[in-house]
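The structure under discussion appears below in the form of structure tokens.
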Amino acid sequence: MSLTFLCITCYFKGGDFLRACKEAGNTVYLLTARRTEGKEWPYESIDEFFYLEDDSNTLSNFDNIIKGMAYIMRTRKIDRVVALDDFDVEKAAILREHFRIPGMGQTTARFFRDKLAMRVQARDAGIKVPAFTGLFNDVEITEYLRATQAPWVIKPRAEASAAGIKKVHSFDEAWNTIHSLGEERHMFLIEQFKPGDVYHVDALTLDKKVIFERSSQYLNTPFEVAHGGGIFRSVTVEFGTKDAKALKKVNEQVLKAFQMNYSASHTEVIKCYEDGEFYFLETASRVGGAHLAEMVDYSSGINLWKEWAFIEHAKAINADYELPEVQNLYSGIIISLARQQWPDMSPFNDPEIVWQMKEEYHVGLIVQSTNRNRVMELMDKYAEMIRHDYHASAPAQDKPTH
């Protein structure tokens with residue numbers, strides 16, 4: 001049974017999803033930002049492109065997108081809408097609601113997009129979260145700052161990764177930063193900064209049940225990389241350990257509380273140094289960025305983009321879906337900005353290397369092994385090589401650029 005999928009992403013990503021969606025026999029349309037025109041999209045898998053001159057998530061732009069979709073639907077039937085990036089979750093939800101297309105609506109989408117909604121929903125479900133408050137009421141903010149200990153982080157409610165996050169260390173600094181946000185402060189929250197190890201759980205859910213998950217640990221967190229010019233690294237968590245079981249449990253609790261029906265997801269959790277407890281940080285109803293999907297694939301044999309597309313197709317035609325056999329290998333990823341336009345990768349020649357990044361002014365690779373200690377050894381070795389011969393840093397961005 002052939003259906004028509006409108007896929008939305010305003011960044012160049014999701015090629016494997018588009019290929020798999022087409023492979024399943026569907027008509028595939030792509031709604032993307034004009035700036036991605038000419039990128040190396042899988043053109044053979046995309047039946048038609050539609051471009052947004054303005055990809056912002058504002059009420060006026062949502063209205064424009066609805067009008068554009070209405071015009072398209074005069075001559076084309078759209079059966080499903082899928083957002084391939086965080087910034088497009090709201091667009092997809094609004095289109096589904098307006099045109100009564102099955103899938104995640106605006107209320108549920110908020111749990112996977114709005115960091116304040118996430119924290120409230122998690123807290124109300126009994127899931128540990130760092131102490132937080134919205135930036136609405138002056139008295140409540142003051143009481144919060146007096147009741148909790150510095151440092152705190154002030155975060156945009158609707159940005160992805162570590163974009164736009166500011167760390168503050170005193171009552172006065174917190175208020176100065178809040179005042180600097182002006183009329184936009186309601187779009188931010190403040191929460192207690194908890195030093196700890198940060199993990200991510202990449203998963204697939206079908207019929208409200210997590211059918212696949214793979215837990216990994218950031219060796220350098222997105223916040224550290226964005227704000228300290230660090231080198232991005234992540235590695236598979238040791239299988240069968242207490243931490244692996246705890247991460248699996250937190251992820252399942254979050255997805256249940258957030259009413260996830262079916263999708264890929266990327267959930268971040270911190271293990272606090274002070275008390276050893278796991279605290280939920282955030283989640284997203286999409287595949288993790290920064291090539292984490294490739295890292296998960298080399299660990300598990302599961303291509304998250306591809307299997308997500310097959311799940312969407314199966315749900316749309318009311319068919320069964322079967323997850324491929326899952327492998328249990330260890331993988332690690334390391335990525336850095338590079339001083340060189342096209343870095344010489346020949347010094348990286350260990351047999352465990354299974355993937356290399358091919359992007360200007362970047363150096364990156366993935367390793368795979370049956371031995372986690374070997375992966376860690378290589379991550380440390382490459383970090384030193386990159387730091388010495390390749391690494392470049394750039395100022396932290398208020399918004400992601402990829």
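Scope of the values below: all heavy atoms of this structure, side chains included, with no hydrogens, waters or symmetry mates.
- Contact check for Phe232 versus Ile334: no side-chain heavy atoms found under the 4.5 Å cut-off.
- Side-chain contact between Ser285 and Met260: present, with at least one pair of heavy atoms (C-beta onward) separated by less than 4.5 Å.
- Using a 30° and 60° split on the angle between ring planes, Phe111 and Phe258 fall in the tilted class, from 30° to 60°.
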Practice item. Carefully, step by step, assess Glu268 and His266 under the rule side-chain hydrogen bond (donor to acceptor under 3.5 Å, both in side chains). Key: CA-CA 7 Å; Glu268 299 193 346; His266 174 79; 3.1 Å; yes
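- Other residues, nucleotides and ligands contribute over 12 non-hydrogen atoms within 6.0 Å of the NZ atom of Lys22.
- With 3.5 Å as the limit, one finds no donor-acceptor pair spanning the side chains of Thr142 and Glu140.
- Side-chain N/O atoms of Asn251 and Thr267 include a donor and acceptor closer than 3.5 Å.
- Between the Gln121 side chain and the Ala257 main chain, a donor and an acceptor come within less than 3.5 Å of each other.
- With respect to Arg34 and Asp54, no salt bridge is recorded, no charged nitrogen being found less than 4.0 Å from a carboxylate O.
- No cation-pi contact links Lys128 to Phe278, judged by a cut-off of 6.0 Å to the six-membered ring centre and 45° from its axis.
- The pair Lys249-Glu252 does not count as a salt bridge, with every side-chain nitrogen at least 4.0 angstrom from each carboxylate oxygen.
- Close placement of the Tyr330 and Phe239 rings is indicated, their centers lying within 6.0 Å of each other.
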Practice item. Given side-chain hydrogen bond (donor to acceptor under 3.5 Å, both in side chains), test Ser346 with Asp344 step by step and report yes or no. Key: CA-CA 6 Å; Ser346 61; Asp344 175 16; 2.7 Å; yes
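- The shortest distance between side-chain heavy atoms of Glu48 and Leu30 does not fall below 4.5 Å.
- Proximity of Leu84 to Ile8: side-chain heavy atoms (C-beta onward) are nowhere separated by under 4.5 Å.
- We find that Arg374 and Asp350 are joined by a salt bridge, their nearest charged nitrogen and carboxylate oxygen being less than 4.0 Å apart.
- Between His362 and Ser336, every side-chain heavy-atom pair lies at or beyond the 4.5 Å cut-off.
- Side-chain contact check for Leu292 versus Ser234: some heavy-atom pair is nearer than 4.5 Å.
- Phe17 and Trp308 have perpendicular rings, their planes meeting at more than 60° on a 0 to 90° scale where under 30° would count as parallel.
- In this structure a side-chain-to-backbone donor-acceptor pair under 3.5 Å is present from Lys91 to Phe87.
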Practice item. Go through the steps for Phe49 and Tyr43 under the test ring pair (Phe, Tyr, Trp, His ring centres under 6.0 Å), then give the verdict. Key: CA-CA 9 Å; Phe49 282 81; Tyr43 291 95; 5.4 Å; yes
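- Of the N and O atoms on the side chains of Asp172 and Ser170, not one donor lies less than 3.5 Å from an acceptor on the other residue.
- Relative to the ring axis of Tyr11, Arg35 places its NZ or CZ within 45° and under 6.0 Å from the centre.
- Salt-bridge check for Asp114 with Arg157: passed, with a basic side-chain N closer than 4.0 Å to an acidic carboxylate O.
- For the residue pair Ser300/Arg214, the side-chain donor-acceptor check at 3.5 Å is not satisfied.
- At least one donor-acceptor pair under 3.5 Å links the side chain of Ser2 to the backbone N or O of Gly25.
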Practice item. Output, in order, the C-alpha distance, side-chain angles, deciding distance and verdict of side-chain hydrogen bond (donor to acceptor under 3.5 Å, both in side chains) for Asp197 and Tyr273. Key: CA-CA 8 Å; Asp197 294 323; Tyr273 292 147; 2.9 Å; yes
**Study point:** Chi angles and distances behind the side-chain hydrogen bond (donor to acceptor under 3.5 Å, both in side chains) call for Arg19, Asn303
**Key:** CA-CA 12 Å; Arg19 292 185 190 94; Asn303 182 318; over 6 Å; no
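- The main-chain N or O of Glu90 is never found under 3.5 Å from a side-chain atom of Asn57 such that the two would form a donor-acceptor pair.
- A donor-acceptor contact closer than 3.5 angstrom is absent between the side chains of Asp243 and Thr241.
- In summary, Arg339 and Asp389 do not engage in a salt bridge, as defined by a charged side-chain N under 4.0 Å from a carboxylate O.
- For the pair Asp202 and Arg286, the salt-bridge criterion is not met [side-chain N within less than 4.0 Å of a carboxylate O].
- A side-chain donor-acceptor contact under 3.5 Å links Arg113 to the backbone of Ala158.
- Here the side chain of Glu213 pairs no donor or acceptor atom with the backbone of Val201 at under 3.5 angstrom.
- One side chain, Gln341 or Glu360, offers a donor N or O that lies under 3.5 Å from an acceptor on the other.
- At least one side-chain heavy atom of Met69 sits under 4.5 Å from a side-chain heavy atom of Leu6.
- In Asn318, the CG atom is not crowded: 12 or fewer heavy atoms of neighbouring residues, nucleotides or ligands sit closer than 6.0 Å.
- A donor-acceptor distance shorter than 3.5 angstrom exists from the side chain of Arg96 to the backbone of Met104, with no hydrogens or angles considered.
- With hydrogens and angles disregarded, no donor-acceptor distance shorter than 3.5 Å links the side chain of Thr36 to the backbone of Lys39.
- Glu238 and Arg372 are not joined by a salt bridge, as no carboxylate oxygen comes within less than 4.0 angstrom of a charged side-chain nitrogen.
- The existence of a salt bridge linking Glu191 and Lys155 is confirmed by a sub-4.0 Å separation between a basic side-chain nitrogen and an acidic carboxylate oxygen.
- In this structure the side chain of Thr133 never reaches within 4.5 angstrom of the side chain of Leu189, judged on heavy atoms.
- Note: Phe50 and Tyr29 have perpendicular aromatic rings, judged against thresholds of 30 and 60 degrees for the angle between ring planes.
- Around the CD atom of Glu44, the shell of radius 6.0 Å holds more than 12 heavy atoms that belong to other residues, nucleotides or ligands.
- In this pair, His200 and Tyr218 present their aromatic rings tilted. The plane angle is within the 30 to 60° band.
- Within the 3.5 Å criterion, the main-chain N or O of Leu329 finds a donor-acceptor partner in the side chain of Ser299.
- A donor and an acceptor atom, one from each side chain of Asp275 and Tyr279, are located under 3.5 Å apart.
- Between the side chain of Thr32 and the main chain of Thr9, a donor-acceptor pair closer than 3.5 Å is present.
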